[in-house]
Amino acid sequence: QVQVVESGGGLVQPGGSLRLSCAASGSLFRTYTMGWYRQAPGKQRDLVAAITPGSTNYADFVKGRFAISRDNAKNTVYLEMNSLTPEDTAVYYCNARAGVNSFWGQGTQVTVSS
């Protein structure tokens with residue numbers, strides 16, 4: 001069982017920035033594929049960005065604005081979010097994929113509003 005805990009959400013003004021953190025347990029963290037997803041009210045949960053041991057990929061709607069990174073020494077993955085708009089308002093979830101198993105965090109709310 002992998003424990004996944006997100007942090008860093010909050011209220012930010014349009015055009016602002018926010019950094020989310022996700023800590024995952026396990027001695028094999030460096031091998032996990034880690035992903036950030038988001039879900040707005042009444043909408044499906046969408047992939048925002050993912051990072052494997054050797055690559056990253058992003059949803060088109062965040063390319064050039066968001067950056068995902070990982071610190072294997074801290075078992076942590078980050079999502080740096082810039083140029084935020086109200087459309088980025090959602091609950092952001094972290095996912096850890098370890099082999100065939102997938103583990104979710106509880107989510108952190110991001111609200112972009114003036």
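All residue numbers in this chain count up from 1 along the given sequence. Quick note: numbers below take in every heavy atom, side chains included, and nothing from hydrogens, waters or symmetry partners.
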Inset, instruction - Grab the two heavy atoms, one from Ser83 and one from Ser17, that are nearest each other, plus how far apart they are. - result: N-OG, 4.4 Å
Legend entry - Close side-chain approach of Ser25 to Asn75, heavy-atom, < 4.5 Å: no
Legend entry - Non-hydrogen side-chain atoms of Gln106 and Glu6 separated by less than 4.5 Å: yes
Inset, instruction - State which residues pass ring-ring contact (aromatic ring centres under 6.0 Å, His included) with Tyr37; sequence neighbours excluded, sorted by chain then number. - result: Trp104
Inset, instruction - Would you kindly confirm whether Trp36 and Ile51 end up in one hydrophobic cluster when ILVMFWY residues are joined by side chain heavy atoms under 4.5 Å apart? - result: yes
Inset, instruction - Answer yes or no: does atom CZ of Arg45 have more than 12 heavy-atom neighbours from other residues, nucleotides or ligands under 6.0 Å? - result: yes
Legend entry - Close side-chain approach of Asn95 to Ser102, heavy-atom, < 4.5 Å: yes
Inset, instruction - Could you tell me the separation between the CZ atom of Arg97 and the OG1 atom of Thr52, rounded to the nearest 0.5 Å? - result: 9.5 Å
Legend entry - Residues that, via side-chain heavy atoms closer than 4.5 angstrom, fall in one hydrophobic cluster with Val100: none
Inset, instruction - Could you tell me whether the side chain of Arg38 reaches within less than 4.5 Å of the side chain of Thr89, counting heavy atoms only? - result: no
Legend entry - Value rounded to 0.5 Å, distance of CZ in Phe66 from CG in Leu20: 8.5 Å
Inset, instruction - State, yes or no, whether a side-chain contact exists between Pro14 and Thr85 at a heavy-atom distance under 4.5 Å. - result: no
Legend entry - Gln1 versus Gln3, closest heavy-atom pair with distance: CG-NE2, 3.4 Å
Legend entry - Same apolar cluster (I L V M F W Y, side chains within < 4.5 Å links), Phe29/Val2: yes
Inset, instruction - Find out whether Phe61 and Glu87 are in side-chain contact, i.e. whether some heavy atom of one side chain is under 4.5 Å from a heavy atom of the other. - result: no
Inset, instruction - State plainly whether one hydrophobic cluster holds both Tyr92 and Val4, where clusters connect Ile, Leu, Val, Met, Phe, Trp and Tyr through side-chain heavy atoms under 4.5 angstrom apart. - result: yes
Legend entry - N/O donor-acceptor pair under 3.5 Å between Tyr58 side chain and Ile68 backbone: yes
Legend entry - Among Thr108, Leu79, Leu84, Val112, side chain to side chain contact (heavy atoms under 4.5 Å, CB included) partner for Leu18: Leu84
Legend entry - Same cluster (ILVMFWY, side-chain, under 4.5 Å), Met34 and Tyr78: no
Legend entry - Beyond-backbone contact of Pro53 with Arg30, side-chain heavy atoms, under 4.5 angstrom: no
Inset, instruction - Using the side chain to side chain contact (heavy atoms under 4.5 Å, CB included) rule, pick out the option among Leu11, Asp88, Val12 that qualifies with Thr111. - result: Leu11
Inset, instruction - In sequence, state the C-alpha distance, the side-chain angles, and the governing distance for Tyr32 and Val77, and then conclude on side-chain contact (heavy atoms from CB on, under 4.5 Å). - result: CA-CA 11 Å; Tyr32 299 168; Val77 65; over 6 Å; no
Inset, instruction - Looking only at non-hydrogen atoms, find the nearest pair between Ser21 and Thr76 and report the distance. - result: CB-CG2, 4.3 Å
Inset, instruction - State, to 0.1 Å, how close Val48 and Val62 come at their nearest heavy-atom pair, and which atoms those are. - result: O-CG2, 3.5 Å
